[in-house]
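Okay, structure first, notes after.
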Amino acid sequence: MTTGSSSTSSSSNTGRPATAGGAISTFKGQERALHAGRLGTGGLLLSVLAATAPLMVVAGVMPTTFAVMGIVGQPLLFVILGVVLVLFSVGYAEMSRHVHNAGAFYAYVARGLGGTAGAGAAAVALVAYSALQFGIYGIFGFEVSGLFATYGHVEVAWWIPALIAVLAVGALSWLKIDVNALVLGVLLVVEVALVVIFDIAAVADPAKEGLSLHAFNPDTLTGAGVGTALCFCIAAFTGFEQAPVYAEETSRPHILVPRVMFLAIGFVAVFFALSSWALTVAAGPSGIVGAAQKQSAGLLFFLTESRLGGAFTDVLHVLFVTGMFAALLSFHNVVARYAFAMGREGLLPAAFGRTTGSSGAPGTGSLLQTGVSVIVLIAFAVTDDKPTGDPTAPVLHLFTWAGNVGALGVILLMAAASVSVIVFFARRGAARSQAWRLVTSAIAAVALLVIAGYTVKDFDILVGAGPDSALSWLLPALVAVALVVGLVQGLVLRSREPEAYARIGLGNEAFQLDKAAESTP
C-alpha cells in the first residue's frame with residue numbers, strides 16, 4: 001500500500017522500510033495510515049496557528065487577564081512564557097524527528113516512560129483537546145447569537161448556531177487535510193491582518209501617556225495575581241504543540257514538524273506580546289485595567305471604534321466569529337487524529353484506527369467528536385433558562401469550565417512530554433550528544449509543573465467560582481480521572497494483551513514489525 005513518497009532519511013528515521021520508488025509500505029492497508037505528503041510547511045503552519053485563535057485571544061483572553069488579575073505587565077508575561085515554551089520545544093521538536101505518530105503527546109510519553117504512562121497521556125489528551133473545543137462552541141454560539149441580534153434584529157438562542165457549527169466542522173473534517181488547511185489559512189490570515197491594523201492604529205494614536213513601555217517593566221509583575229495571570233496567558237498559546245499530530249501527513253516530518261513548531265511559537269509569542277502592549281498603549285498603562293473591567297470582552301472593539309471607525313469594528317466582530325470557527329476545526333482535526341492513533345494501537349476500538357475513502361481523513365474519530373460535542377451542547381442548552389442574549393449561564397460556564405480543564409490537561413501533557421524526552425534519549429545512550437536539549441527539557445518541565453500548580457490552586461478564580469465552590473476541585477479532577485482511567489487501561493493491556501501493549505506509541509512502525517515477523521521463516 002502506498003501512503004506517499006518519502007526520502008531515504010525519512011524511512012530510516014521512522015524505522016519503516018520503503019518500497020520501490022520511495023513509497024512507504026504499510027502492513028495493515030491504506031485505511032490504517034493517514035495519507036502522507038498532503039501538508040507542506042505553509043499548510044502545517046496555518047493548521048497549527050489556527051488553533052491559537054489570535055483574534056479570540058486578543059479580544060477575549062487579554063481583556064479578561066487585565067480585568068481579573070489587574071496585571072499591567074501582560075506583554076512581559078507573553079515574552080516570559082514564549083521563552084519557557086521555546087525551551088520546551090527544543091526537546092519536543094527533537095523528539096518529533098524520531099517519532100512520527102498522530103498521537104503525538106501520548107506517543108512521546110509512551111516511547112519515553114512506557115506504554116502505561118502513554119495510555120494515561122492518551123486519555124488526558126483526548127479529554128483535554130475535546131474540552132477546549134467544547135468551550136469554544138459555547139462562546140461561538142453566544143457571539144453568533146449577538147451578531148443576529150445586532151445586525152439582523154433576530155433573537156436566536158446560542159445553542160442553535162453552536163450546533164450548526166458542530167455539523168459544519170464535522171463535515172469539513174471529512175475533507176482532505178490540505179483542503180482544511182486552506183480554509184484555516186484564509187480565516188487566519190484575515191484575522192491576523194485586522195489585529196495588526198489595530199496595533200498600528202494604537203501606536204499611531206496612543207492614550208495620553210504616549211508610547212509607554214511600562215507594560216514591559218518587571219515591576220508590573222508583582223502581586224498575588226501573577227501566578228493566575230500565567231494560567232490565563234499560557235492558555236493563549238495552546239495549539240502550537242499540535243504540529244507533530246500531523247507528522248504522518250507531511251512528506252518530510254523530520255524536517256517540517258520542528259520547523260513549523262519553532263515558527264509557530266515564535267510568531268505567537270511576538271504577536272501576543274505586541275498586541276497586548278498595543279492595548280496598553282491605546283488605553284494607557286494607568287487606564288488599561290479599569291477599561292478592561294468596564295468593557296470586558298468588548299475592550300478591543302471599544303478601542304477600534306474611535307480609531308478605525310464603525311465599519312472596521314463590524315468586520316472585526318464577524319472575523320472574531322470566523323476565527324473561533326477556525327479554532328474549532330483545528331481542534332476537531334486534532335482530536336480525530338488522536339482517536340485514530342488510539343484505535344490503531346488498541347486504546348480505542350479498532351474502528352477508530354481506520355481512515356475514510358479517498359480523503360484519508362480519520363472519519364470514525366471525527367464522528368465520535370461530533371457526537372460527543374452534540375451531547376455536551378444539548379446538556380448545557382437544556383439547563384439554559386436565561387433570556388436569549390444573556391450569557392451569564394450556562395454559556396460562559398461552558399466556555400470557562402471546559403476551556404480551563406483543557407488548558408490544564410495540555411500543560412500537564414507538555415510537562416510529561418518534557419520528562420519523556422529526557423528519558424527517551426538517556427535510555428538510548430544519547431544523553432551526552434543531546435545534553436543541551438535534555439537541560440532545556442528539564443527546565444521546561446519544572447516551569448510547566450509550577451504553572452500547573454498555580455492553575456489547580458487558583459482554579460476557582462479561573463472559572464469564576466467562589467473559593468469554597470466544589471468546582472474548584474471537581475473540574476481539575478476530570479483530568480485526574482482521565483489519567484487514572486488511561487493508566488488502568490495500560491496496566492490491563494500489559495497484563496492481558498502484551499502484544500497490543502507493545503504497540504502503544506509505535507503507530508505504523510508496529511505494523512512493519514508484524515510484517516517482518518510473519519515473513520521470517
Side-chain angles (χ1 to χ4, degrees), residues 50-68 128-151 155-169 187-188 191 194-195 231-233 235-239 292 295-302 316-332 335 369 372-374 376-381 383-384 386-408 410 462-465 471 475:
T52 64
L55 185 52
M56 187 175 73
V57 170
V58 176
V61 175
M62 291 178 186
T64 302
T65 306
F66 282 126
V68 176
Y129 284 116
S130 295
L132 286 167
Q133 188 182 25
F134 300 153
I136 298 174
Y137 275 125
I139 198 67
F140 175 88
F142 172 69
E143 289 297 331
V144 173
S145 176
L147 289 179
F148 274 108
T150 301
Y151 301 106
E155 297 294 332
V156 178
W158 67 270
W159 51 267
I160 295 176
L163 286 174
I164 293 173
V166 171
L167 299 178
V169 166
L187 297 177
L188 175 71
E191 65 175 301
L194 292 182
V195 174
C231 306
F232 274 112
C233 292
F237 283 89
T238 303
Q295 301 294 333
S296 186
L299 177 64
L300 176 65
F301 308 107
F302 170 76
L316 201 61
H317 271 291
V318 174
L319 266 295
F320 183 40
V321 169
T322 59
M324 284 189 283
F325 184 84
L328 288 169
L329 180 57
S330 182
F331 279 120
H332 185 99
V335 174
Q369 180 67 351
V372 175
S373 297
V374 168
V376 170
L377 288 176
I378 290 176
F380 275 83
T383 62
D384 189 358
K386 302 291 181 180
T388 300
D390 183 352
T392 53
V395 182
L396 289 187
H397 288 166
L398 176 56
F399 179 61
T400 56
W401 295 356
N404 284 293
V405 167
L408 174 60
V410 172
L462 293 171
V463 299
L471 291 173
L475 291 174

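Being a predicted model, the structure only gives us computed values, none of them experimental.
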Test applied, side-chain contact (heavy atoms from CB on, under 4.5 Å); reference residue, Q133; option that passes from V166, V169, V376: V169

Sub-4.5 Å side-chain heavy-atom contact between F134 and V372: yes

Residue pair L55, L194: steps toward the side-chain contact (heavy atoms from CB on, under 4.5 Å) verdict: CA-CA 9 Å; L55 185 52; L194 292 182; 5.5 Å; no

Gap separating the CD atom of E191 from the CZ atom of F320, nearest 0.5 angstrom: 10.0 Å

Euclidean distance, T150 OG1 relative to H317 NE2, rounded to 0.5 Å: 7.0 Å

Shortest non-hydrogen separation from S373 to Y137 and the atoms involved: OG-CE1, 3.8 Å

Trace of the side-chain contact (heavy atoms from CB on, under 4.5 Å) decision for F140 with F325: CA-CA 7 Å; F140 175 88; F325 184 84; 4.0 Å; yes

Heavy-atom closest pair, residues A407 and A235: CB-CB, 4.0 Å

Student check: side-chain heavy atoms of L147 and V321 closer than 4.5 Å: yes

Side-chain touch P63/L300, heavy atoms, less than 4.5 angstrom: no

Point-to-point distance, once rounded to the nearest 0.5 Å, from CG of L163 to CG of L377: 5.0 Å

Spacing of L398 atom CG and I139 atom CD1 [to the nearest 0.5 Å]: 9.0 Å

Heavy atoms from other residues, nucleotides or ligands near CZ of F301 exceed 12 (cutoff 6.0 Å): yes

S330 (side chain) donor-acceptor with A326 (main chain) under 3.5 angstrom: no

Non-hydrogen atoms of V156 and I160 that approach each other most closely: CG1-CB, 4.0 Å

With L471 via side-chain contact (heavy atoms from CB on, under 4.5 Å) - residues at least two apart: W401, A465, S469, L475

Separation between CD1 of I136 and NE2 of H332, rounded to the nearest 0.5 Å: 13.5 Å

Donor-acceptor pair, side chain of T65 and main chain of V61, under 3.5 angstrom: yes

Rounded distance [0.5 Å steps], CG in L408 versus CG in L462: 9.5 Å

side-chain contact (heavy atoms from CB on, under 4.5 Å) partners of A53, counting only residues at least two apart: M56, A327

Residues forming a side chain to side chain donor-acceptor pair (under 3.5 Å) with S130, sequence neighbours excluded: Q369

Check against side-chain contact (heavy atoms from CB on, under 4.5 Å), T238 and L132: CA-CA 9 Å; T238 303; L132 286 167; 3.6 Å; yes

Contact summary for S145 and A157, nearest pair of heavy atoms: OG-C, 4.5 Å

